[in-house]
Amino acid sequence: MRKESKRKKKNMHNIKDIRANLENFVKTISKRNHKVDQSLLQTLDTKNRDLIQKKENLEQEKKIISKSKDKSLFEKSKKLSNEIDQISSEQLKIKNDLDNLLSNIPNLPLADVPEGSDESHNTEVEKKGKIPEFKFKPKSHSELGVDLSMIDFDLATKTTGSRFVFLKEKIALLERGLSNFMIDKHTSDNGYTEISPPLIASESTMYGTGQIPKFIDDQFEIKLDDKSERKFLIPTAEVILTNMVKGKILNKNDLPLRLVASTPCFRKEAGSYGKDTKGMIRQHQFYKVELVSVVEPENCKSELERMTNCATGILDSLKLPYRKVVLCTGDMGFSAEKTYDIEVWIPSENKYREISSCSSCGSFQARRMKARYKNDKNETVFLGTLNGSGLAVGRTLIAILENYQLEDGSIKIPEVLRPYMKNLDKISIK
RNA sequence: GGAGAGAUGGCUGAGCGGUUGAAAGCACCGGUCUUGAAAACCGGCAAAGGGGCAACUCUUUCCUGGGUUCGAAUCCCAGUCUCUCCGCCA
């Protein structure tokens, strides 16, 4: 039989589930500020299935002929091939449209996620730590760093461009110390396995966690050579860590898988022009300690709580004031079904700023990655994946500089960090 | 950069034009035996998609894409990836 042209299989939302409850699906997705063209979806699906039926009938006919080895039927078989080709290419086109439609639809929010269109509808669930009271006007981290000659934005502008920074001496050490401190804590106290991953991900890897196709504009694409698959600098270690199970079928006793890595992250920050242009809050490149859990899907909810606690644990031990919020349906990331943001207190802005985001993605990413496991009943089912920052190192650094600043512009080092800082108790001008 | 080898089910690994969705082993699940476990023995065990309330049934899939043939895991072409050796660099 002639090989029928195959399509690259994309996995995303399960069309079967959607079909069974289309109204509801569209309604739930609309809570996420995403409109689904219901009639288009329905038309494509019906048409697709119709063509599949037609194609399969012909294929069966052809198969019978070829098995019969009856020479008198060979001509007919050739004709069937042509027909099949025709129908097949038509079907492929429809399927492709359907795939494109589906792969741009975000994950379904869990039932307990508050409804809302934007961040103003996020719900605070916890507030912890004491907001520092200064007897002087607290400086911003960039003022502090520049005054100490340990943060240099101008230099980065010269060598690279905007939204990059040079850290020097004790502040560079602080950045490195923070990464080490966080990783140590997650590996020794929280049961995570340390990974040092590639910082470059292939196109299919980026698709797996949901960065592609919808958010391709925010990714730094890099060119290796003309031939190989497109490659991207990772926007977060989530991408590369989560994809470690891409295409795999794990055993139940491999789970849960808990991974931690400290990596630079690269983001174009397209769409945030003019936002947070001052200081280190929003950079094209920053370090982040990332937590990833791969679990049985039914354990996603409890794992999310656990992971979030691992993240806040870092802030607790650094004695930084923070609050925890549940993101509303409209503010969640593409792949998430539920997200907690952890926000740390930033004195110079007199408000809380995101320092970690912990999300359960349910089976959304696993489906895209084709990552499965054998469950109790020996069925092969999609895994659950979660990711969270534990924490964003750059922003933690900012929080420490600002919250621990002294009147003379020097910075007190939190107790737990001192072993990572050559036992310094203070960063001050030499 | 030069020269080779390879890509098959959860894993290892046979097959090299038709009854092969694919041997065998391991893993896994069920059973017999056992006080329990192990061992041994018996049985089961790929995925995706379509149809059906269901029992069930059909189609596709042996790296990807094209081609030859009535028929391809098997033959031809192109590509990707992996491995080994040499060179180069760290």
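Numbers restart at 1 for each chain; the letters A, B, ... are given by sequence-line order, proteins then strands. Any value given below was found using the heavy atoms of this structure, including those in side chains, with hydrogens, waters and symmetry copies removed.
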Write down the distance between [atom1] ([X]) and [atom2] ([N]), rounded to a whole number of angstrom.
X: A:Arg49; N: B:G50; atom1: CZ; atom2: P; answer: 7 Å
X: A:Ile249; N: B:A46; atom1: CD1; atom2: C1'; answer: 8 Å
X: A:Asp85; N: B:G66; atom1: CG; atom2: P; answer: 10 Å
X: A:Lys54; N: B:G51; atom1: NZ; atom2: C1'; answer: 15 Å
X: A:Lys246; N: B:C63; atom1: NZ; atom2: C1'; answer: 14 Å
X: A:Asn14; N: B:G50; atom1: CG; atom2: C1'; answer: 14 Å
X: A:Leu51; N: B:G51; atom1: CG; atom2: C1'; answer: 15 Å
X: A:Ile87; N: B:G50; atom1: CD1; atom2: C1'; answer: 14 Å

Study note, to complete from the structure: Quick note, A:Lys370 side chain, CB onward, closest among B:G51, B:U59, B:A47 is B:A47
Tabulate atom names and distances for all N/O pairs under 3.5 angstrom spanning the protein and nucleotides 18-22 of chain B.
{"unit_1": "B:G18", "atom_1": "N2", "unit_2": "A:Ser66", "atom_2": "O", "d": "2.7"}

Exercise for review: Using heavy atoms to find the nearest nucleotide of RNA chain B for A:Ser77 and A:Asn57 separately, return the residue whose nucleotide is more 5′.
Suggested key: A:Asn57
Under a 3.5 Å cut-off for both distances, is [N] Watson-Crick or wobble paired, and to whom?
N: B:A55; result: none
N: B:G18; result: B:C70
N: B:A90; result: none
N: B:G43; result: B:C29
N: B:A78; result: B:U64
N: B:A38; result: none

Check your understanding: Hey, does A:Lys78 reach any base, or is it just sugar-phosphate, or nothing, if we go heavy atoms under 4.0 Å?
Key -> sugar-phosphate
Exercise for review: Pick base, sugar-phosphate or nothing for A:Ser68, based on heavy-atom distances below 4.0 Å to the nucleic acid.
Suggested key: nothing
Rounded to whole angstrom, note down the [atom1] distance from [N] over to [M].
N: B:G2; M: B:A27; atom1: P; result: 45 Å
N: B:C83; M: B:A24; atom1: C1'; result: 25 Å
N: B:C26; M: B:A38; atom1: P; result: 16 Å
N: B:A3; M: B:G87; atom1: P; result: 15 Å
N: B:G66; M: B:U80; atom1: C1'; result: 14 Å
N: B:A47; M: B:U84; atom1: C1'; result: 33 Å
N: B:C77; M: B:C85; atom1: P; result: 28 Å
N: B:G1; M: B:U60; atom1: P; result: 41 Å

Looking only at side-chain N and O atoms, does [Y] offer a donor or acceptor that is under 3.5 Å from a partner on [X]?
X: A:Ser204; Y: A:Lys246; result: yes
X: A:Asn107; Y: A:Ser335; result: no
X: A:Asn299; Y: A:Glu303; result: no
X: A:Ser410; Y: A:Ser428; result: no

Does [X] make a side-chain N or O approach to OP1 or OP2 of [N] shorter than 4.0 Å?
X: A:Lys63; N: B:U60; answer: yes
X: A:Arg19; N: B:G49; answer: no
X: A:Lys16; N: B:A48; answer: no
X: A:Arg372; N: B:A47; answer: no

Review point. Do A:Leu291 and A:Asn387 touch side chain to side chain, with heavy atoms closer than 4.5 Å?
Key: no
Point to revise | Side-chain heavy atoms of A:Ile342 within contact of A:Ser357, under 4.5 Å | key: no
Practice item. Assign the ring pair A:Phe364 / A:Phe334 to parallel, tilted or perpendicular, where the plane angle (0 to 90°) is split at 30° and 60°. Key: perpendicular
Point to revise | Straight-line distance of A:Arg282 CZ to A:His284 NE2, nearest 0.5 Å | key: 11.0 Å
Strictly distance-based, threshold 3.5 Å: is any side-chain N or O of [X] a donor or acceptor partner for the main-chain N or O of [Y]?
X: A:Arg367; Y: A:His13; value: no
X: A:Glu402; Y: A:His141; value: yes
X: A:Thr329; Y: A:Gly116; value: yes

Listed pairs, N/O of protein and of nucleotides 26-29 of chain B, under 3.5 Å:
{"unit_1": "B:C28", "atom_1": "O2'", "unit_2": "A:Asn378", "atom_2": "OD1", "d": "3.1"}

Exercise for review: Please confirm whether any donor atom in the side chain of A:Glu56 sits under 3.5 Å from an acceptor in the base of B:G49, or the reverse.
Suggested key: yes
Review point. A:Tyr207 ring centre to A:Arg368 NZ or CZ under 6.0 Å, with the angle to the axis within 45°?
Key: yes
